[in-house]
Amino acid sequence: MKNLKINNRFTAELPADPNETNEVRQVSNALFSYVNPTKPSNPKLIHTSQEVAETVGISTDEIQSESFLNVFSGKEILPETRPFAMCYAGHQFGNWAGQLGDGRAINLTEVTHNDESFMLQLKGAGRTPYSRTADGLAVLRSSVREYLCAEAMHHLGVPTTRSLSLILSGDQVLRDILYNGNAAYEKGAIVCRVAPSFIRFGSFEMLTARNELQNLKQFVEYNIKYYFPEIKGEPKEQYLQFFKTVADTTREMILHWQRVGFVHGVMNTDNMSIHGITIDYGPYGWLENYDPNWTPNTTDSQYRRYRFGNQPQIAQWNLYQLANAIYPLINEAEPLEKILESFMIDFESDYKDMFLSKLGLFISTETDNTLIDDLETVLQLSETDMTIFFRNLNNVQKSDSPEKAIERIQDSFYIPEQISGTILESWQKWFTLYIERLHTEPLSDKERSEKMNTINPKYVLRNYMAQLAIDAADQEDYSLIDELYQLLQKPYEEQPEFQKWFAKRPDWARSKVGCSMLSCSS
């Protein structure tokens with residue numbers, strides 16, 4: 001890694017924890033603590049993203065080097081760097097949790113390449129002062145899921161962290177996958193994550209909650225200086241522009257989640273990035289059947305706070321907490337409230353346009369809201385696969401009858417025999433309106449189909465697919481990880497060689513651990 005351009009501005013310019021012992025504790029008047037990764041006993045490289053390596057300035061030859069393996073497993077420290085863990089707080093499931101921090105993540109360094117800055121972070125590299133009662137390690141199954149998902153999201157066009165490497169530690173890690181008292185040892189692993197930074201809403205909440213207002217001011221200005229340099233003006237106006245920018249990019253991120261059917265599962269304020277990128281892949285999932293009430297998180301199974309259909313509202317709620325955190329710098333509620341109110345207004349407008357584009361409709365009409373609402377209703381009358389439905393909808397032609405249109409999307413039905421009686425009538429009624437609507441569009445069937453195929457992915461990382469890769473990797477077969485990695489780099493393309501992955505969730509995966517709902521340790 002001789003060509004890495006180290007740029008440790010976070011640790012150089014922001015207040016550090018003076019206590020450099022790696023003991024779990026409350027950390028005040030600091031934004032980070034220095035801490036070294038736990039050295040793995042026998043690291044082994046499983047997979048690397050050459051694209052991400054090149055993005056941060058690592059050559060193809062270096063990926064295969066012993067130095068790469070040692071640095072990104074935590075066994076060695078890069079010269080002229082000091083790894084650190086961030087201190088932040090947050091609201092978890094709507095409740096104030098106080099200090100949280102990087103409990104199983106350690107930031108190795110910041111680098112600059114092609115005029116872009118990146119933070120390199122190891123997840124699962126050992127205890128930090130913020131690990132609380134945990135060990136700071138990660139297991140193979142959760143690491144495979146994070147590694148693949150971040151790259152899948154990027155190629156879907158969803159703002160996200162990236163994955164550089166997936167490495168086995170060679171050590172055993174004790175985990176209770178379902179929190180039911182049946183702990184067992186699993187293989188340990190480390191993922192290197194890459195992002196502009198890993199700064200969260202909770203970083204600002206922590207400073208305000210502790211009344212560290214000078215640090216708050218310094219931190220907001222630091223973020224504006226390096227991540228939002230286009231923001232100019234008087235200090236108060238800059239702070240408002242900062243908040244508006246975070247709100248806008250967060251809205252765009254959530255819109256993409258809803259477009260591809262992604263459910264984050266743990267939208268706590270400490271899991272929300274100021275860059276409007278998806279971070280912290282835990283119990284995530286893609287909708288199988290179209291169910292706005294679905295959440296992949298077992299911890300959230302009772303109240304379903306973070307269900308698919310509630311993600312926009314939760315994003316707004318989280319932004320309220322960020323607004324409260326920076327309020328002491330502004331001392332005016334009204335301008336912050338205007339930004340928060342416009343969030344949902346703008347989202348609803350953008351959501352309508354996005355949904356219409358999924359339908360291949362690009363000219364707005366007065367009946368659009370009814371068309372969308374009716375479809376969201378009929379999709380839930382029986383189990384209908386979201387990804388397959390929208391992908392196959394491109395095959396519907398203006399000359400089709402409603403019956404022919406239903407035939408074209410019938411592969412998306414989990415229980416085809418349910419499409420009868422009133423359910424069939426509802427589908428026929430909707431397709432009658434849809435086909436009429438298609439006749440108002442100037443695009444030909446072929447042109448519309450091609451455009452829809454750039455919006456509706458053919459392949460997404462379904463939980464059962466990730467679980468199959470995990471099961472194989474547990475037997476030291478990493479070929480499926482690479483196969484899915486290659487597949488998910490081109491999610492909008494047909495890829496006939498991978499057609500088997502364009503399929504509904506198999507029956508065996510309906511309730512299998514890891515294939516439906518997951519715990520926060522997943």
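All heavy atoms count here, side chains included; hydrogens, waters and symmetry mates do not.
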(message) Pair R127, D135 - check salt bridge (Lys or Arg N to Asp or Glu O under 4.0 Å), show working.
(response) CA-CA 5 Å; R127 279 168 59 89; D135 56 20; over 6 Å; no
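Sequence neighbours left out, the pairs with a member in residues 210-232 that pass salt bridge (charged side-chain N to carboxylate O under 4.0 Å, His left out) are E13-K225, K217-E221. Evaluation of the salt bridge (charged side-chain N to carboxylate O under 4.0 Å, His left out) test over residues 38-57, restricted to residues two or more places apart or in two chains, returns E51-R162. Note on residues 179-198: pairs passing salt bridge (charged side-chain N to carboxylate O under 4.0 Å, His left out), not counting sequence neighbours, are R141-E186, E146-R193, R193-D280.
Not a single side-chain hydrogen bond (donor to acceptor under 3.5 Å, both in side chains) links Q64 to another residue, sequence neighbours left out. Under the side-chain hydrogen bond (donor to acceptor under 3.5 Å, both in side chains) criterion, E493 pairs with no residue, sequence neighbours left out. Contacts of D17 classified as side-chain contact (heavy atoms from CB on, under 4.5 Å), with partners at least two apart in sequence or in another chain: N19, R25, V27, A30, S33. Take A150 and apply the side-chain contact (heavy atoms from CB on, under 4.5 Å) test, not counting sequence neighbours, and it matches T160, T161, S163, Y281. Under the rule for a side-chain contact (heavy atoms from CB on, under 4.5 Å), the partners of S41 that lie at least two apart in sequence or sit in another chain are D171. Looking at residues two or more places apart in sequence or on another chain, you find a side-chain contact (heavy atoms from CB on, under 4.5 Å) between T81 and I6, N8, I77, L78, T109. Every residue two or more places apart in sequence or in another chain was checked for a side-chain hydrogen bond (donor to acceptor under 3.5 Å, both in side chains) with R132, and none qualifies. Contacts of D270 classified as salt bridge (charged side-chain N to carboxylate O under 4.0 Å, His left out), with partners at least two apart in sequence or in another chain: none.
Taking the six-membered ring for Trp and the full ring otherwise, the centers of Y306 and H264 sit at least 6.0 Å from each other. For H47 and Y147, the gap between ring centers is short of 6.0 Å.
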Just list the side-chain donor-acceptor pairs under 3.5 Å for residues 84-96, sequence neighbours left out, or say none.
residue: Y88; atom: OH; partner: G101; partner atom: O; Å: 3.2
residue: Y88; atom: OH; partner: D102; partner atom: OD1; Å: 2.9
residue: H91; atom: ND1; partner: E205; partner atom: OE2; Å: 2.6

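Under the 3.5 Å distance criterion, the side-chain polar atoms of S65 are matched with a main-chain donor or acceptor of F68.
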